[in-house]
Protein chains: 2
Amino acid sequence: MDDVASKAGVSRALVSLVMRDSPRVSATSRQKVLAAAQDLGYRPNLWARNLASGQTQTVGVMLNDLHNPFFTEMAEGAAAAANERDLQILINSGWQREAGELAAVEAFMNMRADGILLAAAGLSNELLEGFASQMPTVSVSTYFVSQYFDTVNNNEDHGGCLVVDHLVDLGHTRIGHIDGGAARSGPERRNGFIKAMVQRGLAPIVVEGAFNEQAGAAAAAQLMELHVPPTAIFAGNDLAAIGVLTKLQELGVSVPEDVSVVGYDDTILAGIGPISLTTVHQPRRQLGRIAIDLLVERISGRREARHEQLEPRLVMRSSTGRVPQSKGAPQS
Amino acid sequence: MDDVASKAGVSRALVSLVMRDSPRVSATSRQKVLAAAQDLGYRPNLWARNLASGQTQTVGVMLNDLHNPFFTEMAEGAAAAANERDLQILINSGWQREAGELAAVEAFMNMRADGILLAAAGLSNELLEGFASQMPTVSVSTYFVSQYFDTVNNNEDHGGCLVVDHLVDLGHTRIGHIDGGAARSGPERRNGFIKAMVQRGLAPIVVEGAFNEQAGAAAAAQLMELHVPPTAIFAGNDLAAIGVLTKLQELGVSVPEDVSVVGYDDTILAGIGPISLTTVHQPRRQLGRIAIDLLVERISGRREARHEQLEPRLVMRSSTGRVPQSKGAPQS
DNA sequence: GCGAAGCAGTAGAGCGCTCTACTCCGTGAC
DNA sequence: GTCACGGAGTAGAGCGCTCTACTGCTTCGC
């Protein structure tokens with residue numbers, strides 16, 4: 001910077017002003033400085049800038065699972081919104097381990113990010129509140145409402161109703177749910193399903209699962225081994241539903257003729273032709289945008305928490321159909 | 001830091017030593033400092049530390065496309081390797097636009113990352129070399145070999161051979177390729193295919209595409225509209241292959257009875273039951289690990305470039321089969 | 001008993017910026 | 001002609017650390 005200043009024949013302060021394109025510099029000196037900077041290959045050191053200014057214009061985005069397209073699509077929305085506001089975004093993932101998430105968030109804090117955006121963080125509620133009380137935080141798909149941070153969630157109860165209504169309309173009464181285990185939104189989705197089933201006088205069949213293909217496949221096997229297997233399976237998310245599809249194919253059970261399958265999230269995967277999964281749509285990109293909006297408000301000083309809830313919508317594709325006539329366990 | 005130092009009754013320098021757990025501090029003062037830091041909720045400011053030390057222990061990872069599981073899986077390998085070396089990794093994506101990639105890389109440079117890892121960067125070769133001459137760089141899946149940076153690439157020629165051999169073994173002679181357009185590895189994959197076909201005396205049929213589902217679907221439609229459509233389609237990557245699958249289903253063409261389909265990358269998508277795509281396997285996680293290894297070597301001073309090439313392997317699944325008897329364009 | 005060696009700790013300069021408070025100079029109002 | 005004013009630019013302190021060179025003090029060998 002000193003070099004640039006002396007080469008351009010101005011003070012360091014002026015160079016600084018030019019680099020931040022302040023209106024306080026004349027066109028001529030701006031030119032001179034820019035030319036000198038170009039010649040010397042000078043680029044401002046962000047660390048020094050942030051240290052001096054106390055602001056980083058950076059938000060950390062922690063994604064629970066980089067494999068799940070739900071999260072990357074959400075991140076895309078967040079990145080676009082951040083971009084419009086000249087915020088830099090840093091993506092990190094805990095790679096599905098709590099220690100990993102902790103490390104990721106701490107890295108953001110050590111960097112003094114202006115705020116953090118947590119997506120389905122697997123961290124405990126205590127840790128979450130702990131972090132949130134130290135810096136502006138917005139949490140997406142967490143289903144834990146706190147006064148310390150803003151949240152953006154999906155109306156899981158309604159989601160459960162949509163799925164059950166759809167399946168009931170098709171004549172199904174024996175519907176099995178594969179839950180997401182202890183993961184964020186797992187319990188909410190499960191409870192939404194149970195509530196909807198009970199309201200309609202139907203017995204909710206629930207088996208334990210997780211939000212990935214393997215767990216979906218394993219749980220599907222369990223369900224199909226019941227004395228009277230369900231005629232429809234509602235998986236906790238699209239990934240798990242895909243596991244179900246895979247397993248059913250292996251077992252020679254055809255979809256939707258023998259068994260209907262429903263997912264959740266409406267990730268790109270659900271729309272793929274050979275999969276064509278009926279699922280519950282979430283506006284992923286918009287989720288990310290809203291989260292950034294809230295975060296920006298928080299960063300600029302809002303103290304009281306805001307909690308947004310988005311309404312889901314059912315997307316019908318070809319993995320669901322009318323209940324089969326022969327209600328026995330279909331084999332081939 | 002001053003507060004911590006005075007609370008613990010030691011100098012700032014000692015606090016600094018403790019925070020970097022240097023062996024030069026006695027157990028007792030370490031305890032005191034840690035306790036004081038805990039009480040005051042002190043955490044070292046990374047920006048200041050990096051500014052003072054001139055090192056960041058951070059590498060930037062720029063992924064071409066966050067939607068393509070190939071990249072996220074590679075990033076996972078990179079993250080694991082980085083983690084073992086106490087390197088912090090920053091993920092960024094250009095969201096499929098060159099300007100986005102430029103911004104992402106410049107953000108890394110402004111942050112003075114110790115090095116950058118580029119995955120299938122869409123940047124021009126000139127820009128690539130420009131960045132690489134300024135900081136340690138490793139480029140994965142770029143297929144542009146330069147003395148300024150290390151590369152980790154797949155042997156695309158061999159990949160093309162594997163696919164063609166497999167299809168020829170199944171009796172196919174009219175094989176269409178959907179290329180990746182101008183994207184990194186697009187031309188290499190195309191040329192690998194062409195070379196392999198010509199070597200076997202077969203006419204290479206090539207249509208333009210891109211590495212996503214939409215392009216795959218559109219190109220498949222084109223191929224099927226030929227007077228004599230191909231009996232096998234080799235898509236540029238798994239994503240495009242999935243587009244092909246979707247389109248063929250729409251057209252009532254069954255896979256693999258009427259047409260065989262092959263992808264490239266062997267992402268998780270390929271393994272999904274209803275997709276079950278024959279594809280060319282790339283060790284994605286290992287790609288990431290190797291890249292980090294190379295980057296670390298570069299950061300610690302190696303000057304001469306290293307270029308790793310990995311051998312692909314064909315994974316047979318159920319999207320390929322023997323050539324149909326009736327060679328006319330199948331309709332339903 | 002004395003000097004060399006080694007351990008624990010410290011002072012203070014410096015990393016590369018920003019920011020506040022200032023100076024200087026050309027205008028325009030009266 | 002004088003003075004207030006605003007635009008353009010500058011000096012220098014400080015952001016929160018690390019690092020080099022140093023000081024004391026204990027230990028050990030002979």
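Lettering of chains follows the sequences in order, A, B, ..., and the numbering in each one begins at 1. These figures come from a predicted structure and were not determined experimentally.
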**Asked** Can you check whether A:Ser11 has a side-chain N or O nearer than 4.0 Å to OP1 or OP2 of D:dT10?
**Response** yes
**Request:** Mind calculating the distance between CG (A:Leu51) and P (D:dC17) to the nearest angstrom?
**Result:** 9 Å
**Asked** Phosphate oxygens OP1/OP2 of C:dC7: is one of them under 4.0 Å from a side-chain N or O of B:Arg24?
**Response** no
**Item:** From B:Asn212 atom CG to B:Gln96 atom CD, the distance as rounded to the nearest 0.5 Å
**Value:** 7.5 Å
**Fill in**
Only residue of A:Glu73, A:Glu84, A:Glu308 satisfying salt bridge (Lys or Arg N to Asp or Glu O under 4.0 Å) with A:Arg289 is A:Glu84
**Request:** Check the distance between C:dA11's P and B:Met1's CE and give it to me in whole angstrom.
**Result:** 13 Å
**Interatomic distance where CZ belongs to B:Arg12 and C1' belongs to C:dA11 [whole Å]** = 9 Å
**Request:** Return the value, rounded to whole Å, for the distance between atom CG of A:Asn110 and atom C1' of D:dG16.
**Result:** 13 Å
**Message:** Any side-chain N or O of B:Ser16 below 4.0 angstrom from OP1/OP2 of D:dT18?
**Reply:** yes
**Asked** Do the charged groups of A:Arg30 and A:Asp21 touch, with an N to O distance under 4.0 Å?
**Response** no
**Message:** At less than 4.0 Å, is any side-chain N or O atom of A:Arg20 found next to OP1 or OP2 of C:dC19? Yes or no.
**Reply:** yes
**Message:** Which residue is it: A:Leu294, A:Val138, A:Leu128? I am looking for the one with a side-chain contact (heavy atoms from CB on, under 4.5 Å) to A:Phe149.
**Reply:** A:Leu128
**Fill in**
A:Arg30 atom CZ is separated from D:dG7 atom C1', nearest whole Å, by 14 Å
**Message:** Using whole Å, what does the distance between atom P of nucleotide D:dG16 and atom CZ of A:Arg112 come to?
**Reply:** 9 Å
**Phosphate OP1/OP2 of D:dA8: any A:Ser29 side-chain N/O under 4.0 Å** = no
**Request:** Give the rounded distance in Å between these two atoms: CG of B:Asp2 and P of C:dA11.
**Result:** 11 Å
**Message:** Whether B:Glu76 and B:Arg284 form a salt bridge (side-chain N of Lys/Arg under 4.0 Å from carboxylate O of Asp/Glu) is what I want to check.
**Reply:** no
**Prompt:** Can you tell me if the side-chain N/O atoms of A:Ser26 get under 4.0 Å from OP1 or OP2 in D:dG9?
**Reply:** yes
**Asked** Where each residue is assigned the nucleotide of DNA chain C containing its nearest heavy atom, which of B:Ala13 and A:Tyr42 is assigned the position nearer the 5′ end?
**Response** B:Ala13
**Prompt:** Atom CG of B:Asp3 to atom C1' of D:dC17: distance rounded to whole Å?
**Reply:** 14 Å
**Asked** Where each residue is assigned the nucleotide of DNA chain D containing its nearest heavy atom, which of B:Arg49 and A:Leu17 is assigned the position nearer the 5′ end?
**Response** A:Leu17
**Fill in**
Side-chain atoms of A:Leu14 come closest, of D:dT10, D:dC15, C:dG14, to D:dT10
